[in-house]
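In what follows, a structure is listed as structure tokens, so that the remarks can point back to it.
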Amino acid sequence: MPTLHHKAHTTVGCQASVAAKYMETPDIVDLDWENLGFGLVDTDFMYMAKCGTDGNFSSGEIVPFGPIALSPSAGVLNYGQGLFEGLKAYRKTDGSVLLFRPEENAIRMKNGSDRMCMPAPTVEQFVDAVKQTVLANKRWVPPTGKGSLYIRPLLIGSGAILGLAPAPEYTFLIYVSPVGNYFKEGLAPINLIIEDNFHRAAPGGTGGVKTIGNYASVLKAQRTAKDKGYSDVLYLDAVHNKYLEEVSSCNIFVVKGNAISTPAIEGTILPGITRKSIIEVAESKGYKVEERHVSVDELLDADEVFCTGTAVVVSPVGSITYKGKRVEYDGNQGVGVVSQQLYTSLTSLQMGHTEDRMGWTMQLN
């Protein structure tokens, strides 16, 4: 992961002066784009808006990237009242930038905020805030084919609260970072191990919304798996312990013949936007896509398996290990035909290489 040191801003001026500042910057920063991993690179600016007890968010502003102040009694620190999103911006060959389905992230945050007793920005404010943040940091969008600008919106209970209750104030914040591949393998097969002792979510819980607590629960099993040489962990349902749920931060798909199956959205897995997009792309190519309970036995008997997510896009699975048994999936250098086809179709659309007949991309000048 390249490291970059740049002088921190010490004052926050009005939006006009901030805008003028980033308009004066070079078209693109000088980074080692060929070796860009998936880690934080400090950029120039972030977006911030506040919401009080009236439930209405301020108009928000672009401010210099940097630490934020929170009370030790902030709701997010004490009770985990927080949501996050993830989406990407891509640079086209003509230098313009594309966003991919930002309104879907806005809707998902809005749905999650209801579960977490939080106010949420409107879809329009969310999308506008994403646009502002990306344009302010446009010089950090990698060149075409060298990565993407990862966009991280946060909605947190920033107000001080001592007793267990919703916070009195909320902060909506967006920061960005240029990124390369999430898995070091890139578009190469990853090796998963099925976890049958720990579970990441249960019926009636928050597994179906992108709350910060969902991800803390996977860290122990994930670290153990990586120490053993696996790429990540695949979780099973908490009731029967035999149906697929999802990987730590990805949805899972199983291919058998012309049929593609993926666990149904029933409140315990995240309704991934890449998942939704891949389903639509696959159906447009004639595949039969089923959203249903998928058992471990079906997984182990599959022709091909792949994961989807904002960070990974599509990641082919080379092997699954379950109760000490390892099953490998053949393909062209481990990348199955379906995985390759869907990856190419979706990334070509995201990067503006092919015509967007789905109406999913949004161009920024």
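Below, all heavy atoms of this structure are taken into account, side chains as well, without hydrogens, waters or symmetry copies. As the structure is a computational prediction, the values presented were derived from the model and not from experiment. Numbers here are sequence positions counted from 1.
- For the salt bridge (charged side-chain N to carboxylate O under 4.0 Å, His left out) test, residues two or more places apart in sequence or in another chain that qualify with E291 are R275.
- Within the structure, the ring-ring contact (aromatic ring centres under 6.0 Å, His included) test picks out the following pairs touching residues 150-181 (sequence neighbours left out): F38-Y150, Y47-F172, F126-F172.
- The ring-ring contact (aromatic ring centres under 6.0 Å, His included) contacts involving residues 67-124 comprise F84-Y215, F100-W360, where partners must be two or more places apart or lie in separate chains.
- For A202, the side-chain contact (heavy atoms from CB on, under 4.5 Å) partners are A238, not counting sequence neighbours.
- The closest donor-acceptor contact from the side chain of S345 to the backbone of L342 lies at 3.5 Å or more, if one exists at all.
- In this structure, I265 belongs to a hydrophobic cluster whose other members, linked by side-chain heavy atoms under 4.5 Å apart, are I269.
- With a 6.0 Å radius and a threshold of 12 heavy atoms from other residues, nucleotides or ligands, K288 has its NZ atom at or below the threshold.
- For E104, the salt bridge (charged side-chain N to carboxylate O under 4.0 Å, His left out) criterion is met by R101, K276, not counting sequence neighbours.
- Applying the ring-ring contact (aromatic ring centres under 6.0 Å, His included) definition to pairs two or more places apart or across chains, those involving residues 241-269 are H240-Y243, Y243-H293, F253-F306.
- Sorted by first and then second residue, the pairs that involve residues 64-85 and meet salt bridge (charged side-chain N to carboxylate O under 4.0 Å, His left out), not counting sequence neighbours, are E85-R108.
- Residue Y235 shares its hydrophobic cluster (ILVMFWY side chains chained together at separations under 4.5 Å) with I193, V218, Y230, V233.
- For K220, the salt bridge (charged side-chain N to carboxylate O under 4.0 Å, His left out) test picks out no residue, with sequence neighbours left out.
- Shown here is R357, whose CZ atom has no more than 12 heavy atoms of other residues, nucleotides or ligands within 6.0 Å.
- The hydrophobic cluster around V209 extends to none of the other residues, as no ILVMFWY side-chain heavy atom falls under 4.5 Å of it.
- In this view, D114 satisfies the salt bridge (charged side-chain N to carboxylate O under 4.0 Å, His left out) rule with no residue, not counting sequence neighbours.
- T171 and S158 form a side-chain donor-acceptor contact under 3.5 Å, judged by distance and modelled atom types alone.
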